[in-house]
Amino acid sequence: MSDIRYDLLHDDYALIAPERLRRPDCYKTGKKSSESEFSDRKKCPFCEGREHLAPHEIFAIRDNDPDEPGWKTRVVPNLYKAVQIETPWQSEEVGIYEKWSGFGAHEVVIDTPRHLTRMDDWSEEEYFNWLYTLRSRLNDLKNDSRLVYISLFKNHGHYGGATQSHPHTQIIALAALPYRQRQLLLHAHNFYKSHGHSLFESVLHMELDDKKRIVAENDIFAAICPYASTFTFETYIVCKKPHAFLNDLDDNGLEALADLLSQTIKALYRQVGDFDFNILFNTPAMHKNAQTEDFFDDTDKMWRIGVRILPRLYRLGGFELSSGVKINPLDPDEAASLLRGSIKERE
């Protein structure tokens with residue numbers, strides 16, 4: 001039997017419909033052939049030794065000169081920028097419409113020198129270096145008071161929206177807070193004002209007490225399959241401590257997050273096989289302005305660091321696009337149980 005569940009964290013709804021698992025195969029198409037993947041590696045601009053094929057680096061973990069081999073992570077401007085830091089920030093009325101110049105920052109984090117097409121092949125050091133790099137870029141971009149919102153996201157595979165197979169993450173910083181993000185922050189602020197604590201605390205308290213949807217946990221983070229998961233095997237890693245920003249974490253916090261990410265990703269691969277996915281970091285607004293003044297001063301009290309892993313196992317159809325409600329054919333309780341089992345098998 002199906003049920004419609006309310007997603008407290010994202011102020012949305014999910015339709016959990018196990019009967020949909022009986023449909024004829026609606027899974028994504030097969031992976032690239034090994035020959036095609038080998039061709040990608042031969043011309044990959046992100047591989048070590050081909051630094052000249054990418055723009056000059058903005059940041060890197062390295063002990064030698066920029067734009068040379070010998071790095072652990074690199075950050076470069078996106079060659080196909082959605083927004084540009086050089087563009088003046090200005091608005092213009094077009095009849096009844098309004099538009100703004102494409103001011104912002106668009107960067108690519110090259111996660112590792114190794115051309116790994118599966119994230120479960122990453123070492124613990126690679127997970128840590130990746131998070132360390134994201135934290136460093138957040139700290140730097142936050143210094144520009146014009147940038148209000150910073151989106152950190154990782155697309156993997158065709159159905160995850162990736163066009164490059166080498167492991168990479170994108171950062172897009174904007175001078176305006178997107179409408180959906182503002183609604184989520186207002187929702188979190190209203191909950192905080194009504195209850196005196198964050199909605200993340202309420203969710204964590206229930207999930208840690210109930211245990212059914214807990215995938216793994218440590219002293220700082222918990223990985224859960226949300227009660228109203230919108231994607232099959234969706235996993236949300238939430239900070240137990242009152243930290244709202246990724247750059248609030250010290251190195252011990254990054255290590256704890258890296259460990260839980262590694263466990264969760266490896267469990268997902270063992271359950272699903274080679275799959276496409278998105279990873280989203282739930283960054284709040286970075287600066288106070290007219291858009292954020294209603295809630296910004298309470299950010300540390302109402303928000304928690306979160307990392308959302310969305311496996312892209314099924315195609316979205318007309319119902320999802322017209323209603324905004326995702327259909328998930330796998331009960332989150334069962335998804336969490338399967339992932340827990342995968343982790344325990346490797347202990």
Side-chain angles (χ1 to χ4, degrees), residues 5-16 119 127 131 134 151-156 160 169 180-181 183-185 187-188 191 197-246 248-249 253-254 256-269 271-272 275-284 302-313 325-326 328 330-340 342-343:
R5 299 186 182 185
Y6 176 61
D7 181 351
L8 180 62
L9 286 174
H10 301 100
D11 192 24
D12 210 343
Y13 293 90
L15 179 53
I16 310 299
M119 207 171 171
Y127 275 100
L131 294 171
L134 295 180
S151 175
L152 305 178
F153 61 96
K154 183 175 180 62
N155 300 334
H156 179 84
T169 305
R180 176 60 179 158
Q181 296 303 318
Q183 293 305 111
L184 287 176
L185 289 161
H187 169 66
F191 186 98
H197 61 266
S198 79
L199 60 86
F200 295 91
E201 288 180 67
S202 287
V203 169
L204 279 171
H205 178 77
M206 178 171 176
E207 297 295 349
L208 291 170
D209 184 60
D210 189 42
K211 298 291 185 185
K212 289 190 296 185
R213 287 175 293 276
I214 295 291
V215 174
E217 61 175 305
N218 55 37
D219 291 341
I220 303 178
F221 289 93
I224 65 175
C225 288
Y227 173 75
S229 296
T230 52
F231 291 84
T232 302
F233 281 110
E234 175 181 344
T235 310
Y236 200 37
I237 299 177
V238 188
C239 190
K240 295 179 179 180
K241 308 294 184 182
H243 299 313
F245 299 91
L246 185 66
D248 289 339
L249 292 177
L254 288 186
L257 180 53
D259 175 64
L260 213 53
L261 273 164
S262 175
Q263 290 188 58
T264 303
I265 292 291
K266 289 175 182 177
L268 282 165
Y269 273 105
Q271 284 298 321
V272 182
F275 68 106
D276 298 346
F277 58 85
N278 301 103
I279 296 180
L280 315 176
F281 289 78
N282 69 342
T283 50
M302 71 181 198
W303 202 254
R304 293 284 179 90
I305 298 166
V307 184
R308 196 176 183 191
I309 305 169
L310 304 177
R312 304 301 299 272
L313 306 180
V325 177
K326 307 290 193 306
N328 179 3
L330 182 64
D331 190 307
D333 293 20
E334 183 178 353
S337 177
L338 291 168
L339 294 175
R340 277 197 310 273
S342 291
I343 291 172

Inset, instruction - Take atom NE2 of H205 as the centre, draw a 6.0 Å sphere, and report whether it contains more than 12 heavy atoms from other residues, nucleotides or ligands. - result: no
Legend entry - Option among L261, L260, L246 that satisfies the side chain to side chain contact (heavy atoms under 4.5 Å, CB included) test with V307: L261
Legend entry - E207/Y236 under side-chain contact (heavy atoms from CB on, under 4.5 Å): CA gap, chis, key distance, verdict: CA-CA 12 Å; E207 297 295 349; Y236 200 37; over 6 Å; no
Inset, instruction - Would you sort out whether R308 and N282 count as a side-chain contact (heavy atoms from CB on, under 4.5 Å), showing the intermediate values? - result: CA-CA 8 Å; R308 196 176 183 191; N282 69 342; over 6 Å; no
Legend entry - From L268, D276, T232, V272, residue fulfilling side chain to side chain contact (heavy atoms under 4.5 Å, CB included) relative to P311: L268
Legend entry - From CZ (R312) to CZ (F231), nearest 0.5 Å: 4.5 Å
Legend entry - Side chain to side chain, Y269 and I265, heavy atoms closer than 4.5 Å: yes
Inset, instruction - Report the C-alpha distance between H10 and T230 in whole Å, list the side-chain angles of each, state the deciding distance to 0.1 Å, and finish with yes or no for side-chain contact (heavy atoms from CB on, under 4.5 Å). - result: CA-CA 10 Å; H10 301 100; T230 52; over 6 Å; no
Legend entry - Partners meeting side chain to side chain donor-acceptor pair (under 3.5 Å) with E217 (sequence neighbours left out): K211, K240
Inset, instruction - Decide yes or no for M119 and Y127: does some side-chain heavy atom of the first lie under 4.5 Å from some side-chain heavy atom of the second? - result: yes
Legend entry - Rounded distance (nearest 0.5 Å) linking atom CG of N155 with atom CG of L280: 8.5 Å
Legend entry - L199 vs H187 side-chain heavy atoms within contact, under 4.5 Å: yes
Inset, instruction - Supply the atom-to-atom distance I224 CD1 to L9 CG, rounded to the nearest 0.5 angstrom. - result: 6.5 Å
Inset, instruction - Please name the pair of heavy atoms, one in L131 and one in L254, separated by the smallest distance, quoted to 0.1 Å. - result: CD1-O, 3.6 Å
Inset, instruction - Rounded to the nearest 0.5 Å, what's the gap from CZ on R340 to CZ on R213? Could you check? - result: 10.0 Å
Legend entry - Side-chain heavy atoms of V215 within contact of F233, under 4.5 Å: no
Legend entry - P332 and E234, any side-chain heavy atoms less than 4.5 Å apart: no
Legend entry - Nearest atoms (heavy-atom pairs only) where L208 meets A222: CD2-CB, 4.2 Å
Inset, instruction - Would you please test D210 and Y227 for side-chain contact (heavy atoms from CB on, under 4.5 Å) and show each step? - result: CA-CA 11 Å; D210 189 42; Y227 173 75; over 6 Å; no
Inset, instruction - Work out which heavy atom in A223 is nearest to a heavy atom in I237; give both atom names and the distance. - result: CB-CG1, 3.8 Å
Inset, instruction - Would you name the heavy atoms of Q271 and L338 that are closest together and state the gap between them? - result: NE2-O, 3.3 Å
Legend entry - Heavy-atom side-chain proximity of T169 to I279 below 4.5 angstrom: no
Legend entry - Any K326 side-chain heavy atom under 4.5 Å of L15 side chain: no
Inset, instruction - Looking only at non-hydrogen atoms, find the nearest pair between C225 and L339 and report the distance. - result: SG-CD1, 3.9 Å
Inset, instruction - May I ask you to test the H243-W303 pair for a side-chain heavy-atom distance under 4.5 Å? - result: no
Inset, instruction - Taking all non-hydrogen atoms of both residues into account, name the closest pair between N328 and S229 and its distance. - result: ND2-O, 3.2 Å
Inset, instruction - Look up atom OG in S337 and atom CD1 in I214, then write down how far apart they are to the nearest 0.5 Å. - result: 13.0 Å
Inset, instruction - Give a yes-or-no answer on whether the side chains of D12 and Y6 include a donor-acceptor pair shorter than 3.5 Å. - result: no
Inset, instruction - Only counting residues at least two apart or in another chain, list the ones meeting side-chain contact (heavy atoms from CB on, under 4.5 Å) with I220. - result: N218, C239, K241, A256
Inset, instruction - To the nearest 0.5 Å, tell me how far F277 CZ sits from L313 CG. - result: 11.5 Å
Legend entry - Lys/Arg N to Asp/Glu carboxylate O, R5 vs D331, below 4.0 Å: yes
